[in-house]
K.L.:
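Have a look at this one before I ask anything.
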Number of protein chains: 2
Amino acid sequence: MRQTKQRRIILEVLRGTVHHPSADEVYHQVRQCIPNISLGTVYRNLERLVQDKVIRKIVNTQGQGRFDANIIPHGHFRCVKCHLVEDLPFEVTFTAIPENSSWYRAREICEVHYEVTGICPVCKSKSQLAPP
Amino acid sequence: MRQTKQRRIILEVLRGTVHHPSADEVYHQVRQCIPNISLGTVYRNLERLVQDKVIRKIVNTQGQGRFDANIIPHGHFRCVKCHLVEDLPFEVTFTAIPENSSWYRAREICEVHYEVTGICPVCKSKSQLAPP
DNA sequence: TCAGTAATAGTAATTATTACTGATAATATG
DNA sequence: CATATTATCAGTAATAATTACTATTACTGA
Ligand SMILES: [Mn+2]
Ligand SMILES: [Mn+2]
Ligand SMILES: [Zn+2]
Ligand SMILES: [Zn+2]
């Protein structure tokens with residue numbers, strides 16, 4: 001993998017945030033350093049970095065993909081109203097996948113995703129002052 | 001919620017499969033009964049059924065949303081090559097979210113998603129006969 | 001230094017999903 | 001049953017997110 005300014009800044013931007021940005025959000029950040037960077041370059045590099053397991057892509061049912069420079073396994077909370085994504089502030093342990101089972105041996109396991117969905121504090125308080 | 005033929009067949013189709021189909025796949029199935037049903041109708045109804053918690057929508061990193069008539073909590077395996085989604089054949093238990101914590105009380109929790117990604121048996125055997 | 005080629009910027013195309021609109025049909029009520 | 005109300009529909013247009021294409025640029029190893 002060649003070292004390019006674009007790839008380096010993209011990774012720096014992702015490592016400099018805790019907000020699990022989308023490709024578009026990374027793009028706007030990177031533009032402050034490289035004003036003429038292409039959105040396609042951002043998509044391509046993020047996807048490449050995911051492939052090489054330098055970063056990870058976060059699961060989601062609605063909206064865009066989001067990226068996370070923290071590859072240590074951890075769970076996420078997602079707000080279904082404002083699409084905020086944050087790390088869970090507590091450890092989550094699962095029942096281990098039985099590695100000696102035929103099910104396991106027939107597959108190659110890559111990642112485990114754990115996500116809790118709900119309504120975040122900001123959106124929750126908003127919805128309590130219900131509109132008429 | 002009004003009872004319509006379209007909504008009934010969409011739910012029947014989803015309940016009649018174990019393959020976690022996308023909206024488009026449901027559409028093509030339903031067309032065998034209702035040849036002129038609109039794709040928008042399928043999307044609208046699936047989304048409505050998710051809202052009413054009659055079905056659930058499955059997390060995914062790439063491609064389309066997928067739907068599941070089985071609303072009993074369970075985990076999924078997704079193949080990163082062919083996008084197959086299947087139920088995990090074993091129970092998964094998590095550390096419970098601490099309900100008396102301030103973190104929990106500040107939010108409203110809706111769902112918990114657990115997904116394992118990897119390479120399915122079919123794609124695994126394919127990749128072992130490596131092309132030259 | 002420089003040939004080879006991976007990566008880029010800019011743009012077009014594709015894919016998945018949602019929005020709009022006038023017509024249709026499910027339901028409630030007399 | 002008749003019919004008023006209106007949720008839902010089919011058909012179509014629009015949007016949003018992502019990917020593909022292409023000529024040019026700039027890493028990197030020899
Ligand atoms: Mn994270
Ligand atoms: Mn399932
Ligand atoms: Zn929120
Ligand atoms: Zn597969």
Side-chain angles (χ1 to χ4, degrees), chain A residues 1-14 19-52 54-68 78 80-85, chain B residues 1-14 19-52 54-68 78 80-85:
Chain A
M1 177 149 65
R2 271 188 193 174
Q3 168 79 346
T4 68
K5 189 182 174 189
Q6 288 83 349
R7 185 166 291 156
R8 183 171 51 79
I9 304 290
I10 287 167
L11 187 53
E12 270 175 25
V13 162
L14 194 61
H19 292 108
H20 308 89
S22 64
D24 196 65
E25 285 161 353
V26 172
Y27 170 66
H28 286 291
Q29 278 287 123
V30 173
R31 290 234 293 182
Q32 303 191 356
C33 292
I34 313 172
N36 69 327
I37 193 172
S38 171
L39 179 58
T41 297
V42 175
Y43 271 102
R44 191 166 6 84
N45 277 287
L46 287 171
E47 219 56 60
R48 178 67 191 278
L49 291 166
V50 169
Q51 264 179 36
D52 296 1
V54 178
I55 65 174
R56 76 188 298 214
K57 194 171 179 179
I58 301 178
V59 289
N60 65 309
T61 44
Q62 82 271 93
Q64 329 102 299
R66 285 160 165 273
F67 298 89
D68 192 343
R78 172 194 307 279
V80 295
K81 300 278 188 196
C82 69
H83 302 165
L84 159 125
V85 175
Chain B
M1 177 150 65
R2 266 186 200 176
Q3 168 79 346
T4 69
K5 187 181 173 188
Q6 289 83 352
R7 183 167 292 154
R8 183 170 52 80
I9 303 290
I10 286 167
L11 187 54
E12 269 175 26
V13 162
L14 194 63
H19 292 108
H20 308 89
S22 64
D24 196 62
E25 285 161 352
V26 171
Y27 170 65
H28 285 292
Q29 280 285 124
V30 173
R31 290 234 293 182
Q32 303 191 356
C33 292
I34 313 172
N36 70 327
I37 194 172
S38 171
L39 179 57
T41 298
V42 175
Y43 270 102
R44 190 164 8 86
N45 277 287
L46 287 171
E47 219 55 62
R48 179 66 191 278
L49 290 165
V50 169
Q51 264 178 36
D52 295 2
V54 177
I55 65 174
R56 77 188 296 211
K57 194 171 179 179
I58 300 177
V59 287
N60 65 310
T61 43
Q62 82 270 91
Q64 328 102 299
R66 285 163 164 270
F67 298 88
D68 192 344
R78 187 163 46 76
V80 296
K81 299 277 186 198
C82 69
H83 302 164
L84 159 126
V85 175

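Chain naming here is simple, since letters A, B, ... match the order of the sequence lines and numbering starts at 1 in each.
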K.L.:
May I ask you to decide if B/Asn45's main-chain N or O and B/Arg7's side chain share a donor-acceptor pair within less than 3.5 Å?
P.N.:
no
K.L.:
Would you indicate what B/Arg7 reaches in the nucleic acid, counting non-hydrogen atoms under 4.0 angstrom: base, sugar-phosphate, or nothing?
P.N.:
sugar-phosphate
K.L.:
Judged by each residue's nearest nucleotide on DNA chain C, which is more toward the 5′ side, A/Arg48 or A/Ser38?
P.N.:
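The answer here is A/Arg48.
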K.L.:
Between D/dT8 atom P and B/Ile37 atom CD1, what is the distance in whole Å?
P.N.:
14 Å
K.L.:
What is the per-nucleotide protein-contact pattern of nucleotides 24-30 of chain D, from the 5' end, where B denotes a base atom under 4.0 Å from a protein heavy atom, S denotes such proximity for sugar-phosphate atoms only, and - denotes neither?
P.N.:
--BBS--
K.L.:
Is there a side-chain contact between A/Ile10 and A/Ile37 (heavy atoms, below 4.5 Å)?
P.N.:
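Of all side-chain heavy-atom pairs linking A/Ile37 with A/Ile10, at least one is under 4.5 Å.
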K.L.:
Side-chain contact test, heavy atoms from C-beta onward, threshold under 4.5 Å: evaluate it for A/Met1 versus A/Leu49 and give yes or no.
P.N.:
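Counting from C-beta outward, A/Met1 and A/Leu49 do come under 4.5 Å.
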K.L.:
Just to confirm, is there a sub-4.0 Å distance from OP1 or OP2 of D/dT18 to any side-chain nitrogen or oxygen of A/Tyr43?
P.N.:
yes
K.L.:
In this structure, how many angstroms lie between the P atom of D/dT19 and the CG atom of A/Asp24, rounded?
P.N.:
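In whole Å, D/dT19 P and A/Asp24 CG are 14 Å from each other.
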K.L.:
Would you say A/Thr41 places a side-chain N or O within less than 4.0 Å of OP1 or OP2 belonging to C/dA9?
P.N.:
yes
K.L.:
Counting side-chain heavy atoms from CB outward, which of C/dT17, D/dA10, C/dA9 is closest to B/Leu39?
P.N.:
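So the nucleotide nearest the side chain must be C/dT17.
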K.L.:
Check B/Ala23 against B/Val42 and note the closest heavy-atom contact, atom names and distance.
P.N.:
O-CG1, 3.5 Å
K.L.:
What is the distance from CD of A/Gln51 to C1' of D/dT19, rounded to the nearest Å?
P.N.:
14 Å
K.L.:
Calculate the interatomic distance between B/His83 atom NE2 and C/dT15 atom C1'; express it in whole Å.
P.N.:
13 Å
K.L.:
Quick one: B/Arg31 CZ to D/dC9 P, roughly how many Å, whole number?
P.N.:
16 Å
K.L.:
Looking only at heavy atoms, which two atoms of A/Leu14 and A/Phe67 are closest? And how far apart?
P.N.:
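Smallest interatomic distance, heavy atoms only, reads CD1-O, 3.7 Å.
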K.L.:
For the side chain of B/Arg44, starting at C-beta, report the closest nucleotide among D/dC9, C/dG10, D/dG11.
P.N.:
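The answer is D/dC9.
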K.L.:
For the pair made of CD in A/Glu25 and C1' in D/dT18, what is the distance, rounded to whole Å?
P.N.:
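Whole-Å distance recorded here is 15 Å.
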K.L.:
Would you call A/Arg78 and A/Ile58 a side-chain contact if the rule is heavy atoms closer than 4.5 Å?
P.N.:
yes
K.L.:
Give A/Asn45 one of three labels, base, sugar-phosphate or nothing, depending on what nucleic acid heavy atoms sit under 4.0 Å from its own.
P.N.:
sugar-phosphate
K.L.:
Is there a side-chain contact between B/Glu47 and B/Lys57 (heavy atoms, below 4.5 Å)?
P.N.:
yes
K.L.:
Whether the side chain of B/Gln32 engages the backbone of B/Gln29 through a donor-acceptor N/O pair (distance < 3.5 Å, no angle test) should be reported.
P.N.:
no
K.L.:
Hey, which sits more toward the 5' end of DNA chain C by its nearest nucleotide, A/Pro35 or B/Glu47?
P.N.:
A/Pro35
K.L.:
Find the distance B/Ile9:CD1 to D/dT8:P and express it as a whole number of Å.
P.N.:
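Value for this atom pair: 17 Å.
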K.L.:
To the nearest 10 degrees, how far apart in direction are the end axes of the helix from C/dT1-D/dA30 to C/dG30-D/dC1, each fit to five base pairs?
P.N.:
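Computed from the C1' atoms at both ends, the axes differ by 50°.
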K.L.:
Is the shortest heavy-atom distance from the side chain of B/Thr4 to the side chain of B/Thr41 under 4.5 Å?
P.N.:
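Contact flag for B/Thr4/B/Thr41 side chains = no.
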K.L.:
State, yes or no, whether a side-chain contact exists between A/Ile9 and A/Glu12 at a heavy-atom distance under 4.5 Å.
P.N.:
yes
K.L.:
Rounding to an integer number of Å, can you tell me how far A/Leu46 CG sits from C/dT8 C1'?
P.N.:
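Between C1' of C/dT8 and CG of A/Leu46: 15 Å.
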